[in-house]
Amino acid sequence: MFIKVPKGTQDILPEDILKWYHIEDMIKEILNKYGYKEIRTPYFEYTDLFIRGIGESTDIVTKEMFTFPDRKGRSLTLRPEGTAPVVRAYLENRMDRISKVIKLFYLGPMFRCEKPQAGRFRQFNQFGIEVIGTKSSAADAEVILTVLDVYKKLGLKNLEILINSVGCKKCRVDYVQKLKKYLKDKKDFLCSECKERYNKNPLRVLDCKKDSCKKIIEIAPVITENLCQECESHFSEVKSYLNDQKIVFHEDPRLIRGLDYYTKTAFEIISGGLGAQNAIGGGGRYDDLVEELGGKPTPAVGFAAGIERMIIAIDQQKIKWPVEKGLDIFVAKVNEKNKDTAFRLLQKIRNTGLSADMDYSEGSLKSQMRIANKIGARYAVIVGEEELSKNMVIFRNMQTKEQKEIKIDNIIDELSL
RNA sequence: GUGGGCGUAGCUCAGACUGGUUAGAGCCCUGGAUUGUGGCUCCAGAGGUCGGGGGUUCAAAUCCCCUCGCUCACCCCA
């Protein structure tokens with residue numbers, strides 16, 4: 001056997017590339033409408049960026065990163081997510097000087113060294129948006145509306161929107177204390193993983209799906225009831241913006257996202273039929289990240305969506321993809337002797353702006369016509385001896401099977417019809 | 001990282017339980033059907049170290065062990 005793709009990666013073949021073009025086009029169209037500018041950051045960064053940005057104890061940092069040393073021993077990491085790199089670029093390029101608020105989007109591959117499964121890959125593509133420089137709740141709402149607009153443009157239906165507030169530095173600390181106090185005497189009844197979570201990141205206990213833990217969590221103190229005044233009003237503003245836009249969402253007080261940088265708003269969009277990996281997008285506010293990465297205190301909010309999962313969801317919902325536009329002209333030669341004439345003609349046709357191709361192998365006319373048919377050529381130009389002696393070629397409509405002889409000199413005029 | 005399922009032609013799969021002549025089918029691909037014309041039909045052909053290694057046996061795709069890969073789930077996420 002020859003060498004295969006690395007685990008969790010895949011080739012995107014020509015037969016599927018149209019899906020990608022389509023999705024990328026729609027994303028860019030919508031994001032442009034909302035005023036986002038694209039930014040492209042490197043596919044790898046210094047490892048510290050992610051450790052500091054995403055959080056030392058997160059799953060991503062502790063066990064999912066592709067990390068390797070460069071030739072001088074500096075630790076590099078293939079980016080597992082897009083927000084930390086964008087914030088790094090924002091700081092490095094002093095983008096705060098461009099305008100107080102900046103709206104950026106990115107689109108490209110991310111890398112996480114997890115065990116692959118349905119909808120989960122080691123190299124996968126995300127698009128994401130970041131609004132940096134405003135604490136306005138309208139920005140939170142806009143981010144959600146923007147992404148929903150992208151999904152809508154692609155025809156995705158039956159999406160569920162989950163939303164929560166995880167508080168800020170101040171109120172979250174208080175809440176975690178309160179939660180720990182509540183869980184303390186019930187610790188023995190938690191599952192083994194949750195016992196660990198209790199120490200590492202008690203908020204994650206809220207996310208446990210085991211029945212025994214669920215029972216305990218059910219009556220645990222809820223973060224949304226323990227928010228400070230500022231977070232409380234911010235959250236209700238976000239919700240009222242969404243209500244105003246007739247967006248149906250579910251409040252999920254147990255929604256805790258796996259990246260440490262989130263503050264206040266956290267949200268996730270899920271689509272049924274994707275198996276265990278049902279989140280097609282998620283995001284939230286991260287008011288402390290810019291400062292943690294060495295900048296001035298700068299509030300921000302963003303979102304990221306998985307392109308592969310969007311494709312799976314689109315297929316699953318049986319939404320039609322755009323069809324490939326066939327070749328305009330296929331040039332066929334009756335005899336190998338006509339090859340040079342055909343080649344000259346081919347290039348002449350291409351120079352008019354039409355798409356054209358021919359078969360360079362020494363196949364029969366029949367085999368060339370089969371190729372023309374297979375690639376969906378609209379017309380065939382057949383170069384034959386008899387016609388050539390009169391300075392003419394055959395011009396055949398592949399759909400109607402009608403064909404006529406035309407003068408070579410007039411070919412451009414004929415084609416422009 | 002832990003568990004379950006599966007690895008036979010490019011693709012979808014038979015054959016495996018009950019080892020035994022040149023391992024099959026459909027689709028795809030290539031060529032042809034009186035040689036200068038596609039899609040349908042018909043005919044022919046190409047294509048496989050049966051994931052890999054070891055073992056049992058006169059004989060292994062088939063039984064046993066190991067390994068690799070894929071896949072689904074847990075976990076986490078997009």
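Naming: A, B, ... by sequence-line order, numbering from 1 per chain.
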**OP:** State whether a side-chain donor-acceptor pair under 3.5 Å links Y34(A) with D149(A).
**Re:** yes
**OP:** Select base, sugar-phosphate, or nothing to describe what Q123(A) touches, counting heavy atoms under 4.0 Å on all strands.
**Re:** nothing
**OP:** Could you state the atom-to-atom distance from NZ of K4(A) to C1' of U71(B) in whole Å?
**Re:** 13 Å
Subject >> Identity of whatever pairs with A16(B) - Watson-Crick or G-U, under 3.5 angstrom >> reply: none
Original post:
So, does the side chain of E114(A) form a donor-acceptor pair with the base of G1(B) at under 3.5 Å?
Top reply: no
**OP:** Could you tell me which residues satisfy side-chain contact (heavy atoms from CB on, under 4.5 Å) with V334(A), sequence neighbours excluded, listed by chain and number?
**Re:** N338(A), L365(A), I382(A)
Original post:
If you round to the nearest 0.5 Å, how far is OG of S355(A) from CZ of R350(A)?
Top reply: 9.0 Å
Original post:
Is K239(A) salt-bridged to E251(A), cutoff N-O under 4.0 Å?
Top reply: yes
Original post:
Which value, in whole Å, describes the distance between the C1' atoms of nucleotides C72(B) and G32(B)?
Top reply: 47 Å
**OP:** Please report the closest heavy-atom contact between A356(A) and I349(A), naming both atoms and the distance.
**Re:** CB-CG2, 3.9 Å
**OP:** Indicate, yes or no, whether a donor-acceptor pair under 3.5 Å links the base of C75(B) to the side chain of R120(A).
**Re:** yes
**OP:** Treat primed atoms plus P, OP1 and OP2 as sugar-phosphate and everything else as base, then score nucleotides 38-46 of chain B 5' to 3': B for base contact with protein heavy atoms under 4.0 Å, S for sugar-phosphate contact only, - for none.
**Re:** BB-------
**OP:** Determine the Euclidean distance between corresponding P atoms of U22(B) and C68(B); express it in Å to zero decimal places.
**Re:** 34 Å
Original post:
Side-chain N or O of K7(A) less than 4.0 angstrom from OP1 or OP2 on G69(B)?
Top reply: no
Original post:
How far apart are the closest heavy atoms of G82(A) and Q126(A), and which atoms are they?
Top reply: N-OE1, 4.3 Å
Subject >> Any donor-acceptor N/O pair under 3.5 Å between U37(B) base and Q403(A) side chain >> reply: yes
Original post:
Taking side chain as C-beta onward, heavy atoms only, is M310(A) less than 4.5 Å from Y151(A)?
Top reply: yes
**OP:** Select base, sugar-phosphate, or nothing to describe what G128(A) touches, counting heavy atoms under 4.0 Å on all strands.
**Re:** nothing
**OP:** Determine the minimum heavy-atom distance between Y262(A) and V166(A), stating which atoms define it.
**Re:** O-CG2, 3.7 Å
Original post:
What integer number of Å spans the P atoms of G26(B) and A44(B)?
Top reply: 11 Å
**OP:** Indicate yes or no: does R74(A) engage D70(A) in a salt bridge with an N to O separation below 4.0 Å.
**Re:** yes
**OP:** Taking only heavy atoms on the protein side, list every residue of residues 27-64 of chain A lying under 4.0 Å from any atom of RNA chain B, sorted numerically.
**Re:** D59(A), E64(A)
Original post:
Distance between the C1' atoms of A23(B) and C50(B), in whole angstroms?
Top reply: 8 Å
Subject >> Nucleotide opposite C74(B) in a Watson-Crick or G-U pair, distances under 3.5 Å >> reply: G1(B)
**OP:** Would you mind telling me which residue lines up with the more 5' stretch of RNA chain B, R122(A) or E385(A), judged by nearest nucleotide?
**Re:** E385(A)
Residues 387-394 of chain A, side-chain donor-acceptor partners within the protein, below 3.5 Å, at least two apart:
from: S389(A); atom 1: OG; to: E386(A); atom 2: O; distance (Å): 2.5
from: K390(A); atom 1: NZ; to: E405(A); atom 2: OE1; distance (Å): 3.0

Subject >> Exceeds 12 heavy-atom contacts within 6.0 angstrom, atom NZ of K153(A) >> reply: no
Original post:
Between the side chains of S165(A) and T265(A), is a donor N or O closer than 3.5 angstrom to an acceptor N or O?
Top reply: no
Original post:
Which of the following nucleotides, G32(B), G36(B), A78(B), is nearest to the side chain of S364(A)?
Top reply: G32(B)
**OP:** Using the P atom on both, measure C6(B) against G45(B) and round to a whole Å.
**Re:** 36 Å
Subject >> Short side-chain N/O contact from Q117(A) to OP1 or OP2 of A73(B), under 4.0 Å >> reply: yes
**OP:** Measure from the side-chain heavy atoms of K115(A) and tell me the nearest of C74(B), U2(B), G31(B).
**Re:** U2(B)
Original post:
Of all of residues 309-337 of chain A, which get a heavy atom below 4.0 angstrom from RNA chain B, listed by number?
Top reply: R309(A), V334(A)
**OP:** If a pair satisfies salt bridge (Lys or Arg N to Asp or Glu O under 4.0 Å) and one of its residues is in residues 300-322 of chain A, list it, with sequence neighbours excluded.
**Re:** K19(A)-D315(A)
